[in-house]
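Notes for the one structure printed next.
Just so it is clear: chains get the letters A, B, ... in the order the sequence lines come, proteins before strands, and each one is counted from 1.
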Amino acid sequence: MDLPKHYSSETVEKKWYDHWMAQNYFHSEPDEREAFSVVIPPPNVTGVLHMGHMLNNTIQDILIRKARLDGKNACWVPGTDHASIATEAKVVRMLREKGIKKGDIGREEFLKHAFAWKEEYGGIILEQLKKLGASCDWERTRFTMEESLSKAVIQVFVDLYRKGRLYRGLRMTNWDTDALTVLSNEEVIYEDENSRLFHVRYQVEGTDEYVVIATQRPETIMADTGLAVHPDDERYKHLHGKRVIVPLVNRSVPIITDTYVDLEFGTGALKITPAHDPNDYELGEKYDLEVIDIINLDGTLNELAQFCIGEDRFVARKNIGKLLDEAGALVKIEDYRTRVGRSERTNAVVEPKLTLQWFLKMDEFAATALEAVSSGDVKFYPENMWNMYNSWLKAENVRDWCISRQLWWGQQIPAWYHGEEVFVAANEEEALAEARERLGNPDLQLSDLTRDEDVVDTWFSSWLWPISVFDGFENQDELKYYYPTDTLVTGWDIMFFWVARMIMSGYEWAPELLGKEHLIMPFRNVYFTGMVRDSKRRKMSKSLGNSPDALALIDTYGADGVRYGMLSSGSAGNDIIFDAPLDPKTGQVLNESKLCAQGSKFCNKMWNALRLVSSWERDASKAEDPISQMASIWIESRLSQVNKEVTRLIGEYRLSDAIMELYKFIWDDFCSWYLEMIKPADGKIAEVTYQRTASAYEQMMTLLHPFMPFVTEEIWHGLKERAAGDDCIVSKWPEAREFDEALISRVTLAQQAVVKVRETRATKGVKATEKLKMFTQAGSPGEELVKDAGLRAAIEKMAHLEEVSVTDVEPSNTVAFLVGNDTFYLELNEEVDVEAEITALEKELEYQQGFNASVMKKLNNERFVNNAPAAVVDRERKKAADSEARIKSLTAEIERLKGLL
RNA sequence: GGGCGAUUAGCUCAGUUGGUUUAGAGCACCUCGUUUACACCGAGGGGGUCGGGAGUUCGAGUCUCUCAUCGCCCACCA
């Protein structure tokens with residue numbers, strides 16, 4: 001068999017993914033096995049694969065593949081989210097480029113374009129996930145705006161309305177002046193930005209006195225309907241009950257007093273613009289002030305402003321500033337830093353605006369969602385995410401969810417209006433029937449009703465995801481089997497958008513759909529990944545351009561290499577600093593990563609181990625030699641040990657630790673020690689040794705398979721002839737057997753002996769291959785190592801020694817070192833500097849004495865001996881005995897050497 | 001202004017009921033080495049008083065308090 005020197009991820013990965021798909025391994029149907037389901041956090045249908053996706057989908061894939069190996073019926077449901085604002089914005093832009101305006105073509109036509117766009121460009125990300133190796137059940141791919149899922153949204157809307165948990169109201173909302181829609185609070189990103197604070201004076205009516213206020217938004221002055229001061233503010237007490245004249249528009253407005261006003265800030269006087277500020281709106285309500293709305297939906301000023309009509313609010317800001325100055329009302333302008341809210345999707349500065357919207361009452365939902373996690377029904381990893389969750393959902397912080405959006409790409413709200421009456425129903429026929437009945441007018445026609453133009457928030461469809469992907473609102477056949485899902489893997493940044501709301505919806509509808517005896521949480525566990533950040537700790541994002549090209553990374557390092565890289569840094573909840581360096585010229589992130597490179601090197605290492613093993617000529621007549629005999633039992637023991645450990649770590653979601661454990665085991669134990677020990681000089685290996693080696697190697701590959709599926713599958717096939725359909729992916733997770741712990745520690749000692757020899761060679765400048773003799777003295781505990789034929793031979797082979805023996809003869813021209821507690825002597829061919837050896841041994845002795853002293857300090861402490869657990873005390877006694885033995889060995893050797901001087 | 005989390009080797013991080021040799025890994029670094037799996041390699045080595053201080057304990061990287069620095073989340077200060 002001629003294998004290339006370098007592992008080629010490109011060809012291997014394509015080959016196996018195609019094979020898995022052809023064999024339909026990822027598909028799941030309900031059966032008698034235990035179900036293990038995971039629903040993907042649906043990426044935006046417009047999205048492309050980025051680092052966050054790679055991290056989070058690698059983790060899901062590991063969990064799913066492990067479950068599959070454990071013999072569970074593993075089902076990973078993929079899909080995409082219609083992402084209303086983001087997608088609609090893209091389609092609008094695309095149409096604009098074609099010279100088509102959204103408003104001109106109407107809703108239906110627009111949706112056709114949008115669906116066509118989705119068919120052509122949407123879902124690229126799912127193809128990219130295949131490159132990563134994601135073992136999703138692609139036959140189950142869902143989309144939040146497909147018919148069944150949309151029906152579920154409508155059904156839920158109607159249900160909530162009938163339960164009295166939905167209401168429509170005029171509220172101060174966050175308005176996106178670009179997308180022309182309202183936004184939920186969560187969709188507004190606040191950041192500190194530079195601004196200017198205008199100090200403007202208002203004349204007190206009927207006097208020559210002025211009150212100076214400070215504002216960042218002079219363009220809203222024309223909408224002022226009041227001025228507020230603190231009731232206890234001595235500066236303004238004489239003005240209580242008086243009125244001031246708003247500059248430019250010369251409107252007379254009342255001075256009100258309220259403790260909301262901060263005495264310390266600015267001049268202590270505040271202009272009140274109920275239409276354009278949430279706080280002012282509240283004050284306006286309280287004091288019954290007029291609401292004058294001077295800003296259009298697109299952010300321009302309307303006629304009511306009287307000035308700067310038609311100008312954008314930011315243009316008007318400058319111009320009004322000038323006008324105020326000309327009118328002598330502008331006192332000064334200060335530079336100021338303040339929090340500005342921008343739309344998460346369009347980056348437009350959010351305009352507080354009074355609009356009529358649909359809201360979902362959240363108090364009950366929030367209480368349920370809190371209880372679900374505090375009771376332990378839903379477990380969080382890491383646990384401390386509870387704090388963030390709790391602070392968001394506790395009663396005093398919960399706000400009703402604004403679910404309507406002034407967009408077309410989404411599920412249209414199933415509400416019809418006739419005058420003041422509202423009819424909410426699953427379809428127009430039902431709405432009409434209800435309207436006829438309630439209005440007592442059997443002749444009422446559909447054309448007499450007006451349907452709500454708005455759609456629901458995208459999250460109002462994704463919060464149903466764990467149920468709706470199984471068509472659970474229509475029938476419960478699959479839901480019964482797959483629900484609840486096992487683990488949700490997502491970033492903590494969407495804990496409130498999505499995780500909490502899925503819990504709410506699960507507890508709301510699962511009992512109705514499945515009955516209360518069925519488990520009702522949407523998932524048992526939530527694994528929160530951290531944010532992937534760049535080397536400057538900035539969140540990776542498209543706009544910053546600091547994210548490496550995910551697909552380019554896969555091309556360079558292979559999916560296995562990238563998966564390794566994503567995992568080997570960080571743990572649950574902690575942010576990951578991705579190590580891609582920056583281009584010094586452009587400041588852009590380079591598609592280079594040490595971690596991913598390490599992963600691809602690891603693939604190459606394993607590949608070459610296969611090359612080595614495959615290169616041996618197998619000889620059925622050859623007997624197993626003592627080294628191989630010993631080494632096989634050792635590697636099998638270690639394998640079982642590692643198996644147990646890795647299983648435990650995966651169960652605790654400690655995936656980085658698990659992959660690191662496997663990395664060290666495969667690289668160090670298997671490649672550096674085991675293979676080197678059994679490596680035949682003549683290239684001929686006993687058949688039995690080959691089989692045991694292949695079997696151990698195969699098991700290692702299975703343990704690593706969930707993490708690095710491609711290379712492990714490739715090697716697994718390279719080791720043995722396989723029957724058709726007998727694939728790694730469906731093979732069993734190996735059983736962890738009892739392991740020979742005593743042998744493991746003996747091998748550790750043997751390794752120590754080898755390292756000491758190598759170290760001695762390095763420091764004395766003796767060639768690594770120069771044949772030397774080593775011995776220990778008769779009657780010493782080190783005999784155990786030498787008496788074991790396999791171990792002795794292994795030491796000789798690994799350290800290039802001619803002989804390791806037990807002897808009575810007095811050492812001569814030797815270098816002594818400790819192996820375990822005993823002294824071993826290495827005979828050198830050149831003259832040994834006795835004084836230097838004494839110095840070296842004395843240094844070692846000093847360390848051992850220090851160590852012994854610290855142990856004895858504990859043991860001589862009565863309180864320690866009395867209070868510490870017996871096992872701990874025993875361990876300390878063992879340490880003491882060991883170090884005493886070492887001290888004895890060292891002292892004796894030092895004495896002997898001194899006698900030579 | 002509240003809350004959460006960090007601070008361990010040059011870098012990125014482990015260290016999960018306080019005791020497993022007076023701290024570990026990977027990368028980086030230094031020395032040596034082309035021995036027929038792998039130079040995407042092998043062998044060896046240096047490097048940390050676990051942010052500072054105090055406390056609890058027989059025993060603290062681990063628990064408590066405090067200070068410092070840095071992140072992040074939430075909040076209506078014009």
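With B/rC58, B/rU20, B/rC27 as the candidates, the nucleotide lying closest to the side chain of A/Lys879 is B/rU20. Side-chain proximity of A/Tyr663 to the nucleotides B/rU22, B/rG19, B/rG26 is greatest for B/rG26. Listed nucleotides B/rC38, B/rA25, B/rG5 differ in distance to A/Asn384; the shortest reach to its side chain belongs to B/rG5. Distance from the side chain of A/Asn387 is smallest for B/rG5 among the nucleotides B/rC58, B/rC27, B/rG5. When distances run from any side-chain atom of A/Leu612 to the nucleotides B/rG19, B/rA25, B/rA37, the shortest one goes to B/rA37.
The salt bridge (charged side-chain N to carboxylate O under 4.0 Å, His left out) analysis of residues 862-873 of chain A, with sequence neighbours excluded, yields no pairs. Residue pairs meeting the side-chain hydrogen bond (donor to acceptor under 3.5 Å, both in side chains) criterion with at least one partner in residues 865-877 of chain A, sequence neighbours excluded, are A/Glu876-A/Lys879. Applying the salt bridge (charged side-chain N to carboxylate O under 4.0 Å, His left out) definition to pairs two or more places apart or across chains, those involving residues 648-666 of chain A are A/Glu645-A/Arg648, A/Arg648-A/Glu652, A/Glu652-A/Arg654, A/Arg654-A/Asp657.
Taking the ring-ring contact (aromatic ring centres under 6.0 Å, His included) definition, one finds that A/Tyr663 meets it with A/Tyr564, A/Phe602, A/Trp667, sequence neighbours left out. Taking A/Trp616 as the reference, nothing meets the ring-ring contact (aromatic ring centres under 6.0 Å, His included) condition, with sequence neighbours excluded. Partners of A/Trp175 under the ring-ring contact (aromatic ring centres under 6.0 Å, His included) rule, at least two apart in sequence or in another chain, do not exist in this structure. For A/Phe198, the ring-ring contact (aromatic ring centres under 6.0 Å, His included) criterion is met by no residue, not counting sequence neighbours. Residues meeting the salt bridge (charged side-chain N to carboxylate O under 4.0 Å, His left out) test with A/Glu351, sequence neighbours left out: A/Arg217, A/Arg313.
The existence of a salt bridge linking A/Glu676 and A/Lys797 is excluded, since no basic side-chain nitrogen approaches an acidic carboxylate oxygen closer than 4.0 Å. Taking a cutoff of 4.0 Å between a charged side-chain nitrogen and a carboxylate oxygen, A/Lys756 and A/Glu759 do not qualify as a salt bridge. Under 4.0 Å is where a charged nitrogen must lie from a carboxylate oxygen, and between A/Asp682 and A/Lys684 no such pair does.
Among the heavy atoms of the strands lying under 4.0 Å from A/Glu676 is at least one base atom, whether or not backbone atoms are also near. Among the atoms of the strands shown, base atoms are found under 4.0 Å from some heavy atom of A/Ala609. Residue A/Cys603 is classed as having no contact, given no heavy-atom separation below 4.0 Å to the nucleic acid.
Nucleotides B/rG47 and B/rU31, compared at atom C1', are 15 Å apart to the nearest Å. Of the P atoms belonging to B/rG15 and B/rG53, the separation is 24 Å, rounded to the nearest Å. If you take atom P in B/rA14 and the same atom in B/rA25, they sit 16 Å apart, rounded to whole Å.
Classification of the A/Phe670-A/Tyr697 ring pair by plane angle, with boundaries at 30° and 60°, yields tilted.
Atom pair A/Lys5:NZ and B/rC38:C1' shows a separation of 8 Å (rounding to whole Å applied).
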Original post:
Under a cut-off of 3.5 Å for both distances of each Watson-Crick or G-U pair, what dot-bracket string does RNA chain B give, using [ ] for crossing pairs and | for inter-strand pairs?
Top reply: (((((((..((((.....[....)))).(((((.......))))).....(((((..]....))))))))))))....

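Taking the six-membered ring for Trp and the full ring otherwise, A/Trp607 and A/Tyr7 have centroids separated by under 6.0 Å.
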Subject >> Contact letters for nucleotides 40-48 of chain B, in which S counts primed atoms plus P, OP1 and OP2 and B counts the base, heavy atoms under 4.0 Å >> reply: BSSSSS---

Original post:
In the 5'-to-3' direction, what one-character label does each nucleotide of nucleotides 73-78 of chain B receive under the scheme B = base within less than 4.0 Å of a protein heavy atom, S = sugar-phosphate only, - = no such atom?
Top reply: -SBBBB

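In this structure, A/Arg618 forms a cation-pi arrangement with A/Tyr690, its terminal cationic atom sitting closer than 6.0 Å to the ring centre and no more than 45° off the ring axis.
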Using a cutoff of under 3.5 Å, can you pull out all pairs of nitrogen or oxygen atoms linking the protein to nucleotides 60-63 of chain B, with atom names and distances?
none

